[in-house]
Structures are given as C-alpha cells and as structure tokens.
Protein chains: 2
Amino acid sequence: MSNTSTLKLCYARHMSDAADKVIEQWGDVRPSLDTTPIGVVVRILRAARLLEQGLKEYFDDNGLETWEYDVLATLLRTGEDGSLRMGDLAGAALVTAGALTNRIDRLVAKGLVTRATDAENRRTVRTTLTDRGRELADGLIEGHLANERDLIGALTEDEQQQLAALLRKLLLSLGD
Amino acid sequence: MSNTSTLKLCYARHMSDAADKVIEQWGDVRPSLDTTPIGVVVRILRAARLLEQGLKEYFDDNGLETWEYDVLATLLRTGEDGSLRMGDLAGAALVTAGALTNRIDRLVAKGLVTRATDAENRRTVRTTLTDRGRELADGLIEGHLANERDLIGALTEDEQQQLAALLRKLLLSLGD
DNA sequence: GTCCAACATTTCAATGTTGAAGCTTCCGCA
DNA sequence: TGCGGAAGCTTCAACATTGAAATGTTGGAC
C-alpha cells in the first residue's frame with residue numbers, strides 16, 4: 001500500500017506536475033495572461049481526485065463505499081447517542097438531501113443504521129448506528145487513517161502542518 | 001463576485017473549519033487515534049468541492065458548463081493545430097473515455113469543436129476547435145482567471161506560492 | 001502475407017446525483 | 001384557535017458517469 005516506487009520518481013527537484021504544464025502552455029500561447037491562480041486551483045482539484053481514488057482503494061478492499069464509511073464515521077464520532085438528522089449528514093457530506101435519503105435507504109437495508117422520526121420534532125428523521133454499523137466503522141478507522149497517512153506521506157510532518165494551515169485559511173474564506 | 005463578506009468572518013485568528021471540528025470530535029470519542037492526516041485530506045476534498053462551486057458560478061453566468069470550458073481551453077492552450085486525441089482530453093479531465101465521447105458529442109452539436117479520425121492513425125480521433133469555439137474560449141479566459149484569483153484571494157501571494165509548492169510535491173508523489 | 005495482441009474509441013446498461021415538486025409537521029401571529 | 005409560511009424529508013424525472021463489452025485499427029512476430 002506504500003507508494004515507494006512513485007516517490008522515487010520525484011527525488012529530482014523541480015519536477016513538474018500537470019499544473020505546471022498547463023501554466024507553461026498558456027505562457028506559450030497567451031503570454032500576457034496572469035496564470036498564477038491556476039497553480040493553486042488546478043492542484044487542489046487534481047489532488048482531491050487522486051486522494052479520492054486512494055481512499056476508494058482502501059474501502060474497496062473492505063467491501064464498502066467511501067460514502068458508506070463517511071456516514072458511519074460521522075455518526076460514530078458525533079458522540080451523543082450516535083444519531084444525526086438527515087440534514088446534518090447531508091451537510092457533512094456536501095450532497096443534497098435527495099442523495100442522503102437514497103444513501104440512508106441502502107445503509108438501512110444493510111442493517112448498518114436505523115431510521116426513526118424524531119419524537120420531539122416529527123419533521124426530522126434521525127439516523128442511528130446499529131451495533132453492527134458501529135462495529136464495522138470502528139474496525140475500519142485505524143486502517144483508514146493509516147491509508148491517509150500513507151497517501152500524504154511524501155510530505156514531512158512540518159509540510160503537512162503548513163499545508164493544513166493554508167487550506168484552513170482558504171476554507172474559512174470560502175465559507176466552510 | 002468578491003467574497004468580502006465571508007472574509008470578514010475569519011478575521012479572528014484560530015477560527016476552526018469543518019476539518020477542525022472533525023478532528024476535535026474524534027479526540028473526544030477516540031482519544032487514542034492519530035487524526036493528523038485528516039487535517040490535510042479532508043481539507044483538500046472540501047476545498048475542491050467549494051472551488052468547483054465557485055468556478056461553476058462563473059460559467060453559469062456565461063451559459064457554459066465547467067467541463068465545456070475545460071475542453072475548449074485545453075484545446076486552445078495545447079497550441080499546435082488546436083486538436084487533440086480523445087485519450088488526451090480524457091486524461092486532462094480525469095474522466096473515462098466513455099464520458100469524453102459523450103462530452104465531445106455535445107460540443108460538436110453546439111458547433112464548438114469538430115471531430116475527425118486521424119489520417120495517419122485511423123484508430124485515433126482528433127477533436128479540433130471551430131472558430132466559434134476558439135473565440136468563445138478566448139473570451140472567457142480572463143474572466144475565469146479573475147474569478148480564480150478572487151476565490152483564493154484570502155491568501156497572500158506568498159501563501160499561494162507555498163500552497164502551490166506543497167501541493168505540487170503531494171501531486172507528484174500521487175503520480176500526477 | 002497472416003495472425004494476434006495491444007490500442008483507441010464507441011456503445012450501452014447500471015447506477016448515483018441533482019433539482020424541483022410534493023408531503024407532513026411545526027411555529028409565529030393574529 | 002386557526003392560518004400562512006417555513007422547515008425537513010422524500011419522491012421522481014432528467015441527466016452524466018462508470019465500467020465492461022464491442023468495434024475497428026495497427027504493428028510486430030513468424
């Protein structure tokens with residue numbers, strides 16, 4: 001699961017990635033453009049895609065979809081009684097309410113969560129982990145985190161912290 | 001199009017974003033976990049979603065899908081004769097070949113590109129900008145870049161460069 | 001010269017998401 | 001008490017993507 005082989009490929013300094021090539025091409029064709037924002041935006045978009053693939057591989061190996069783990073883990077870490085409203089789950093996953101209904105349907109069918117209308121506010125529906133769901137999520141956390149560590153392992157701890165700090169600032173400005 | 005209002009919200013230092021909350025929650029519920037990779041991975045995923053939304057708004061205003069501009073711009077900046085093979089376009093957009101066929105179908109229907117089998121290697125299909133496609137893409141570049149600058153405007157230029165450098169290193173290790 | 005494996009694209013069924021419309025349920029207000 | 005609007009979720013049609021199978025093409029082995 002370690003990507004030692006690809007790491008070797010970039011020991012050389014100043015190797016260029018896809019974003020560098022995009023910027024270089026614009027420089028050739030439209031030299032007057034200020035293409036600096038591409039260096040950030042394109043890289044974030046591509047990094048997200050590649051990380052998603054990397055996360056998917058881990059969950060594939062464990063017979064789960066990434067979003068399934070996301071729902072279970074969100075319920076698990078939210079503590080309390082391990083139940084959340086549909087809207088909260090939709091917000092956490094950045095998908096629409098319709099998508100969440102669909103997802104929870106399937107998790108209920110798998111026996112990993114239950115669904116019940118809230119007694120106090122009967123408009124809201126609370127999704128709760130079953131024991132099986134809790135155990136499943138619990139058993140996957142460590143491996144998932146290890147996988148994440150591996151995916152960003154090319155960066156030193158310092159670099160990881162810098163990156164996190166810069167992204168936090170960006171996210172706050174984007175309204176996260 | 002400027003996000004001054006959201007910027008104001010984070011003048012206070014050490015405000016926490018969604019990733020901070022996730023980490024904090026795990027700390028409460030499973031204190032033994034090393035959740036540091038979340039700070040990077042989750043943030044990249046969320047930043048990508050939010051940036052995609054921000055890009056979408058600009059192209060919505062201009063009656064185009066983001067991917068439509070992506071194809072046109074890729075063809076435009078690749079220089080040469082402004083034509084590319086299907087596989088190249090799929091690679092640039094990180095989608096499958098099937099998706100590309102569909103996308104190019106629609107761009108052809110709109111009169112923005114043409115499709116022709118390559119004379120030298122008749123397995124490959126070359127997609128080429130029409131004059132209209134070229135003009136359309138050309139007219140949108142500057143606004144698009146201005147929008148991108150705006151989206152990451154909360155970061156100083158130095159910070160943007162640091163962020164770009166860290167992401168490049170990460171992307172290279174991920175095989176970009 | 002023929003055959004075969006690899007390549008490049010298209011086709012197609014399965015699947016998941018979005019956005020809008022539709023239901024209940026709740027709350028503020030008269 | 002009753003009404004109107006908003007909140008919260010579900011339903012549904014439209015649409016896009018994926019992954020696999022199918023089609024056609026090329027180049028090398030023999």
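Order of the sequence lines fixes the chain letters, A, B, ..., with proteins taken first and strands second; residue numbering starts at 1 for each chain. Because the structure is predicted, anything quoted here is derived from the model rather than measured.
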Rounding to an integer number of Å, can you tell me how far [X] [atom1] sits from [N] [atom2]?
X: B:L100; N: C:dT11; atom1: CG; atom2: C1'; answer: 15 Å
X: A:R122; N: C:dC27; atom1: CZ; atom2: C1'; answer: 16 Å
X: A:D60; N: D:dT18; atom1: CG; atom2: P; answer: 15 Å
X: A:D118; N: D:dG8; atom1: CG; atom2: P; answer: 11 Å
X: B:N102; N: C:dT11; atom1: CG; atom2: C1'; answer: 11 Å
X: B:E120; N: D:dG27; atom1: CD; atom2: P; answer: 10 Å
X: B:M86; N: D:dT23; atom1: CE; atom2: C1'; answer: 15 Å

Is there a donor-acceptor contact under 3.5 Å from the side chain of A:R132 to the main chain of A:K110?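 Flag set: sc A:R132 to bb A:K110 pair under 3.5 Å.
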Please check if the side chain of A:R30 supplies one atom and the backbone of A:W26 the other of a donor-acceptor pair under 3.5 Å.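 Looks like no, no N/O pair under 3.5 Å.
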Check every strand shown and say whether [X] touches a base, only sugar-phosphate, or nothing at a heavy-atom separation below 4.0 Å.
X: A:N121; result: sugar-phosphate
X: B:R106; result: sugar-phosphate
X: A:G98; result: base

5'-most by nearest nucleotide on DNA chain D - B:L94 or A:R123: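 Final value for this comparison: A:R123.
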Ion pair present between B:R46 and B:D17, side-chain N to carboxylate O less than 4.0 angstrom?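 Here B:R46 does not pair with B:D17 in a salt bridge, since their nearest N and O are not under 4.0 Å apart.
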Which one, [options], comes nearest to the side chain of [X]?
X: B:T101; options: C:dT10, D:dA16, D:dT25; result: C:dT10
X: A:T124; options: C:dT17, C:dA8, D:dC9; result: D:dC9
X: B:A99; options: D:dT18, D:dT25, C:dT9; result: D:dT18
X: A:T96; options: C:dG16, C:dT18, D:dT25; result: C:dT18
X: B:V125; options: C:dT10, C:dT25, D:dT18; result: C:dT10
X: B:A97; options: C:dA6, C:dT9, D:dA16; result: C:dT9

A:D28 atom CG, over 12 foreign heavy atoms within 6.0 Å: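 Count over threshold, so yes.
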Give a yes/no on whether any side-chain N or O of B:R85 is located under 4.0 angstrom from OP1 or OP2 of C:dC7.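 For C:dC7, OP1/OP2 do not have a side-chain N/O of B:R85 under 4.0 Å.
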May I ask you to evaluate whether A:R103 reaches the phosphate of C:dT17, defined as a side-chain N or O under 4.0 Å from OP1 or OP2?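 For C:dT17, OP1/OP2 do have a side-chain N/O of A:R103 under 4.0 Å.
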Do B:V41 and B:I44 have side-chain heavy atoms sitting under 4.5 Å apart?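 Not touching, per the 4.5 Å side-chain cut-off.
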